[in-house]
Amino acid sequence: MKFKGKDIISMRDFSKKEIEHILAIAKKMEPIARGKKKSQLLAGQILANLFFEPSTRTRLSFATAMRRLGGGVIDLSEPEMSSIVKGESLTDTIRAVQAYADIIVLRHPREGSARLAAEIADIPVINAGDGAGHHPTQTLLDLYTIDREKGKIKGLTVALLGDLKYGRTVHSLAYALSLFGANMIFVSPENLQMPTDVVVDLKERGVVVAQTSNIEEVIPKIDVLYVTRIQRERFPDPEEYESVKGAYRIDLELLKKAKKDFVIMHPLPRVDEITPEVDQTSHAIYFKQAFYGVPVRMALLALVLGGIK
Ligand code: NCD
């Protein structure tokens, strides 16, 4: 397995074996991620966080991951304060930033932007979300969360709920879950269904997927419910957004029908898809999930920047 210097653009860049390796390293990183053990593994190395779209968890957990391993972080989180406003292209920004850092973490509204940046940069690029495209590090932490909280992935029934059309996390996750032998049910309003190319690819690889718009119907059958936000910023037509906003609400009433040990995940931010009362139940694991982003990103940084194999 060769991770050193690798770009991380899509889940397809990894084999199942490689994913398992990353998750195993993440497990070892947990005490450092919690601040209970110290590490200087990446001392002297610098990560550049380039975020051209809002972010809380992804940006901050990458920064924490790098710092917990002794590395430094530079940040472009307010593009309106950078030379982008003077008309600088993404290409030129990447060319310049690569001279200041050892690794670039990029979030950008355009699909394909991370792949483009990786082609330009001589240093590794990690895709932290490219429009409605991919979000591979979110998927790695989602897999880690399922494995950690349920003890396995294979054979579980996972429902992906919400905006499956524009949500990049579910595009990456559906592919990865198929590698691990989970059963999937896609639950969305009709106009926000999983893109056809994703569904066709899964079917061609022999994965059985069910699609519905009715969450009540599926809730008793599932082990994991992965809720997503309706991605308002990606709707070309605000009226279309108005017609689907608030389409789903996970509340205590709905949970009465669920299996006792079923878990609810969400990449966050949440808007109104999950009522706050649900947070107090044993099913809600989305804030733990947000923490797991730290050890998982530590594992990736350690592997890519060459500290460990
Ligand atoms: C997600 C994203 O940016 O795609 N957030 C995240 O990284 N945790 C989900 C979202 O914005 O809805």
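All ligand and atom numbering here is 1-based and tracks the order in the structure.
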Exercise for review: Say whether, by atom type as modelled, one donor and one acceptor occur between the side chain of D13 and the main chain of S10 under 3.5 angstrom.
Suggested key: yes
Check your understanding: CD of E233: more than 12 outside heavy atoms within 6.0 angstrom?
Key -> yes
Exercise for review: Could you list the atoms of ligand 1 found under 4.0 angstrom from a heavy atom of Q138?
Suggested key: 6 (C), 7 (O), 8 (N)
Check your understanding: Got an N/O contact under 3.5 Å between R57 and ligand 1?
Key -> no
Review point. Shared ILVMFWY cluster between M265 and I19, side chains joined below 4.5 angstrom?
Key: yes
Check your understanding: Between H266 and Y286, how do the two ring planes meet: parallel, tilted or perpendicular, split at 30° and 60°?
Key -> perpendicular
Practice item. Determine whether any heavy atom of P269 lies closer than 4.0 Å to an atom of ligand 1. Key: yes
**Study point:** Nearest-contact summary for atom 11 (O) of ligand 1 - protein heavy atom, Å
**Key:** R229 NH2, 2.8 Å
Review point. Without hydrogens or angle criteria, can the side chains of Y226 and D142 be said to hold a donor-acceptor pair below 3.5 Å?
Key: yes
Point to revise | For T169, the ligand 1 atoms whose distance to one of its heavy atoms is below 4.0 Å | key: 1 (C), 4 (O)
Exercise for review: Inspect the surroundings of CZ in R232 and state if more than 12 heavy atoms from other residues, nucleotides or ligands are less than 6.0 Å away.
Suggested key: no
Exercise for review: Return yes when atom NZ of K259 has more than 12 non-hydrogen atoms of other residues, nucleotides or ligands closer than 6.0 Å, and no otherwise.
Suggested key: yes
Review point. So is T58 close enough to ligand 1, meaning a heavy atom under 4.0 angstrom away?
Key: yes
Check your understanding: Nearest to atom 6 (C) of ligand 1, what protein heavy atom do you find, and at what distance?
Key -> L268 O, 3.5 Å
Practice item. Closest by any non-hydrogen atom to atom 3 (O) of ligand 1: pick that one out of H135, E53, R168. Key: R168
Check your understanding: Just distances here: any N/O of Q231 and N/O of ligand 1 closer than 3.5 Å?
Key -> yes
Practice item. Please report which non-hydrogen protein atom sits nearest to atom 8 (N) of ligand 1, along with the residue it belongs to and the distance in Å to one decimal place. Key: P267 O, 2.9 Å
